[in-house]
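Have a look at the structure below before the remarks.
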Amino acid sequence: MRATPSRSASRTLRVALGVTVVAALATATACSTSSPAKTASAGASSAGGGSSKVIQVVAAENFWGSIATQLGGDHVKVTSVITNPDTDPHSYEPTAADGRSIAGAEYVISNGIGYDAWSDKLLAANPASGRTALKVGDLLGKKEGDNPHQWYSAESVTKVIDQITADYKKIDPADAAYFDTRKQTFTTQTLARYNQLEADIKAKYAGTPIGASESIVTPLAESVGLKMLTPETFLDAESEGTDPTAADKATIDQQISGKQIRIYVYNTQNSNPDVVAQVNAAKAQGIPVAQVTETLAPADATFQDWQAQQLQSLADALKQATGK
């Protein structure tokens with residue numbers, strides 16, 4: 001588990017990410033063939049392509065990278081920058097190798113909404129004509145200050161899938177039919193369990209009051225119809241690495257001791273004494289605790305397997321709490 005104080009300190013470093021680093025990245029060349037970032041390409045094609053083109057793709061985070069890989073199949077090579085579950089995407093400090101990956105990319109996917117501002121610096125430091133860039137927050141009409149954790153919203157994920165496919169078709173029109181087939185397979189077959197779990201939880205447990213450790217849980221709760229009781233100011237403070245108010249902590253303590261929440265959900269990648277105390281208090285009251293993570297866990301998991309595992313854990317906790 002990572003402590004929130006380190007997130008706060010790292011966020012300060014991110015904001016101050018220096019001209020020196022950016023300038024160094026600007027000198028990175030597009031011809032590099034090595035990078036510590038994870039590179040993935042999908043397996044056998046589900047349909048024959050019309051060309052031999054392979055789009056060079058960089059995703060700032062591996063959850064978007066996993067989706068991009070599966071949608072692109074044999075016609076993409078995807079490099080994800082954030083792959084280590086112990087890395088805080090908010091405050092990641094990019095390397096020269098990351099700059100080289102960006103410099104050689106035809107397509108770049110970042111989250112935006114203030115989540116990965118370092119990716120903007122990489123793009124600015126490594127310009128390339130003809131490059132396509134997708135910032136998820138802009139696609140969704142979100143601004144900095146809105147909840148950035150949109151990969152926990154099924155509706156947002158659907159919009160990202162549609163946009164990635166559309167972008168692939170613009171970059172490589174000869175393989176448009178191939179990308180359409182990949183999308184159809186991904187949305188109807190690959191995501192079938194993920195979609196079913198979302199629907200089942202919403203049908204059985206909509207309106208159930210829950211508590212959470214930070215704002216990463218909010219889009220998930222909204223997606224499956226759960227009622228978040230934890231003050232949004234507390235959730236945001238924990239996500240941003242700032243100190244929550246005493247009033248918010250007192251409210252949460254009361255919600256737990258009075259069993260006003262049926263389950264408690266926490267991000268195991270962002271823990272601190274306040275969160276640990278809440279988790280222990282919930283368990284002491286017999287309130288089931290479910291866990292989520294910020295990035296793919298394990299790092300080589302697919303988006304759908306990662307999300308389905310967490311949704312199943314959520315459903316199990318809700319069943320334990322409600323008997324349904």
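For the 3.5 Å distance criterion, the side chains of D167 and T132 fail to qualify, holding no donor opposite an acceptor. Side-chain contact annotation: N111 with E61, donor-acceptor N/O pair under 3.5 Å absent. For Y152 and Q310, the side-chain atoms include at least one donor-acceptor pair closer than 3.5 Å. Counted by atom type alone, S66 and Q70 present one or more donor-acceptor pairs between their side chains at under 3.5 Å. A side-chain donor from one of E294 and Y115 sits under 3.5 Å from a side-chain acceptor of the other.
A distance of 9.5 Å separates CD in Q285 from CD1 in I261, rounded to the nearest 0.5 Å. Residue L71 holds its CG atom at 5.5 Å from CD1 of I164, rounded to the nearest 0.5 Å. Between the CG atom of D98 and the CZ atom of R100 there is a distance of 9.0 Å, given to the nearest 0.5 Å. Of the inter-residue distances, the one linking T218 atom OG1 with Q150 atom CD reads 10.0 Å to the nearest 0.5 angstrom. Distance OG1/T165 to CZ/R182: 10.5 Å, rounded to 0.5 Å. Rounding to the nearest 0.5 angstrom, the gap separating the CG atom in N280 from the CD1 atom in I256 is 10.0 Å.
Under the 4.5 Å side-chain heavy-atom criterion for grouping Ile, Leu, Val, Met, Phe, Trp and Tyr, L140 is connected to L220 within one hydrophobic cluster.
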Please test W118 against V81 for side-chain contact (heavy atoms from CB on, under 4.5 Å), starting from the C-alpha separation and ending with a verdict.
CA-CA 11 Å; W118 50 267; V81 176; 3.8 Å; yes
Salt bridge (Lys or Arg N to Asp or Glu O under 4.0 Å) between D175 and K53, intermediate numbers included
CA-CA 9 Å; D175 293 305; K53 181 176 177 61; over 6 Å; no
Would you check, one step at a time, whether the test salt bridge (Lys or Arg N to Asp or Glu O under 4.0 Å) holds for D162 with K183?
CA-CA 8 Å; D162 290 345; K183 176 188 169 185; 2.8 Å; yes
Might you work through the side-chain hydrogen bond (donor to acceptor under 3.5 Å, both in side chains) test for S223 and E198, ending with a clear yes or no?
CA-CA 8 Å; S223 190; E198 285 252 340; 2.8 Å; yes
Stepwise, does the ring-ring contact (aromatic ring centres under 6.0 Å, His included) test hold for Y178 with H75?
CA-CA 9 Å; Y178 173 84; H75 286 287; 4.6 Å; yes
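Residue M228 comes nearest to A221 through the heavy atom pair CE-CB, 4.3 Å, listed as atom of the first residue, atom of the second, then distance.
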Donor-acceptor pairs under 3.5 angstrom involving side-chain atoms of residues 314-322: please list them, not counting sequence neighbours.
residue, atom, partner, partner atom, Å
D316, OD1, Q312, NE2, 3.0
T322, OG1, L318, O, 2.7
T322, OG1, K324, N, 3.2

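Taking 4.5 Å as the limit, some side-chain heavy atom of Y194 sits within range of a side-chain heavy atom of L311. Counting heavy atoms from C-beta on, the side chains of N147 and L235 never come closer than 4.5 Å.
In summary, of the residues considered (T87, D86, N62), a side chain to side chain contact (heavy atoms under 4.5 Å, CB included) with T295 occurs for N62 alone.
Every residue two or more places apart in sequence or in another chain that forms a side chain to side chain contact (heavy atoms under 4.5 Å, CB included) with N195 is listed here: L191.
Using cut-offs of 30° and 60° for the angle between ring planes, the W306 and F63 rings count as parallel.
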